[in-house]
Protein chains: 2
Amino acid sequence: MDERRTDNRTHDDEAAAAVSRFVERFAAQLVQAGMPRMPARVFAALLSSEQGALTSAELSGQLKVSPAAVSGAVRYLAQVNLVSREREPGSRRERYRVQGDQWHNALLERDTSLRNWQTTMREGVEQFGLDTPQGRRINETLEFFLFLDKELGSLMERWAAHRAEHLGD
Amino acid sequence: MDERRTDNRTHDDEAAAAVSRFVERFAAQLVQAGMPRMPARVFAALLSSEQGALTSAELSGQLKVSPAAVSGAVRYLAQVNLVSREREPGSRRERYRVQGDQWHNALLERDTSLRNWQTTMREGVEQFGLDTPQGRRINETLEFFLFLDKELGSLMERWAAHRAEHLGD
DNA sequence: CCTTAACTTCACACATTTCTGAAAGAAGCG
DNA sequence: CGCTTCTTTCAGAAATGTGTGAAGTTAAGG
């Protein structure tokens, strides 16, 4: 691991490879958590980029995939509010940026997902009735989701506070 | 266990179909949350069953899949601690049971998953260093996971309390 | 022991998902 | 306008995932 100042070429390659290793590991974890592969890789690359933003071409080059793949991945990420698209003024290039702190929120998927669970569970309770073991079991799950919905709100508030305090204003 | 009435047949079929509809909807939601298809269906069926437990044969019949498929699904579910296997004493039958309340915990994946995130993020911070924007960004994510780890503990305690009060005694 | 029921493993077929190359679509700039 | 550059769409190829039948493994019960 003794990399002297031989020349910039190998040095840069090393660095790029190291970044790539982290990106792929990060992406793998996102995949495990249920995110499709390419969106995961794109997101990890963005988060690991200096500006927190990259162009389509940069992503395409760095991840060694076609522009088409990047396009699809970005569409997905934008849909779940993990990246925003910006037009660079004076160029046709589009720049994709990670939503700095909102991605923590997204991880807990509070918005729609939780509500969907609630309605599904409510239907189950209705169907089986509280006079059956199944009904009561499913009702408990419903209550759990209601509880979560309530609690996660204040949890994120506490996070915002913690964050402000720790990382400075 | 026996057929008495003439209309029992249609009545039972109705009921079974209704259960099936709920099971499939439930399963679909689990799939959307990242669970493989067959494990999702098996889990939903178990949770919707009267005893919260079914045998391999019952699952196979109810879900209209081969025993092999059930086997694979159960292996997955056991691995993520969503079901436990029980041997029925006087028989070769195996019985799979939902982990009553522990599945709520599992949903929040506190155990291993969160730790894995932490180590991945730590590696990222180390690699980029806190003197880079990337490093700081990833560090913030690391802090978020540490925060979550801490908070989810007390959240689940509160849930246990809420639950005991509401359904307990 | 041997039989047999119950579950598991494995190789393969079928389906779905995911990525690519090609072509069409937008938007700056001369 | 029309040229050029970047992005998106789309059909299809490649990769992955998923479920089945058949053979293998384990253990109950004669």
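Every value quoted in this text rests on a predicted model; they were computed, and no experiment measured them. Numbers restart at 1 for each chain; the letters A, B, ... are given by sequence-line order, proteins then strands.
dA5(C) atom P lies 12 Å from atom CZ of Arg93(B), rounded to whole Å. The distance from atom CZ of Arg87(A) to atom C1' of dC29(C) is 16 Å, rounded to the nearest whole Å.
Using a cut-off of 4.0 Å between Lys/Arg side-chain N and Asp/Glu carboxylate O, Glu143(B) and Arg163(A) are scored as not salt-bridged. Taking 4.0 Å as the cut-off between side-chain N and carboxylate O, Glu94(A) and Arg85(A) count as a salt-bridged pair. Ion pairing between a basic and an acidic side chain is recognised when a charged N comes within 4.0 Å of a carboxylate O; Arg136(A) and Asp131(A) show no such pairing.
Interatomic distance, Thr55(A) OG1 to Arg93(A) CZ, rounded to the nearest 0.5 Å: 5.5 Å. Atom CE of Met38(A) is separated from atom CG of Leu59(A) by 10.5 Å, given to the nearest 0.5 angstrom. Between the CG atom of Leu152(B) and the CG atom of Leu152(A) there is a distance of 8.0 Å, given to the nearest 0.5 Å. Within the model, atoms CD of Gln51(A) and CG of Leu54(A) stand 9.0 Å from one another, a figure rounded to the nearest 0.5 Å.
Comparing Met38(A) and Arg92(A) against DNA chain C, the residue whose closest nucleotide sits nearer the 5' end is Met38(A). Residue order along DNA chain D, read from the 5' end via each residue's closest nucleotide, puts Arg37(A) first among Ser66(B) and Arg37(A).
Arg85(A) comes within 4.0 angstrom of the backbone, heavy atoms only, and of no base. Counting any heavy atom pair closer than 4.0 Å across all strands shown, Arg41(A) reaches no nucleic acid atom.
A 4.0 Å heavy-atom criterion places the boundary nucleotides of DNA chain D facing chain B at dG19(D) to dG29(D), written 5' to 3'.
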Audit row: Arg158(A), Phe147(B), side-chain contact (heavy atoms from CB on, under 4.5 Å) steps and yes/no: CA-CA 9 Å; Arg158(A) 286 198 296 283; Phe147(B) 175 82; 3.8 Å; yes
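Near DNA chain D, meaning a heavy atom under 4.0 Å away, the residues from residues 68-76 of chain A are Ala68(A), Ser71(A), Arg75(A).
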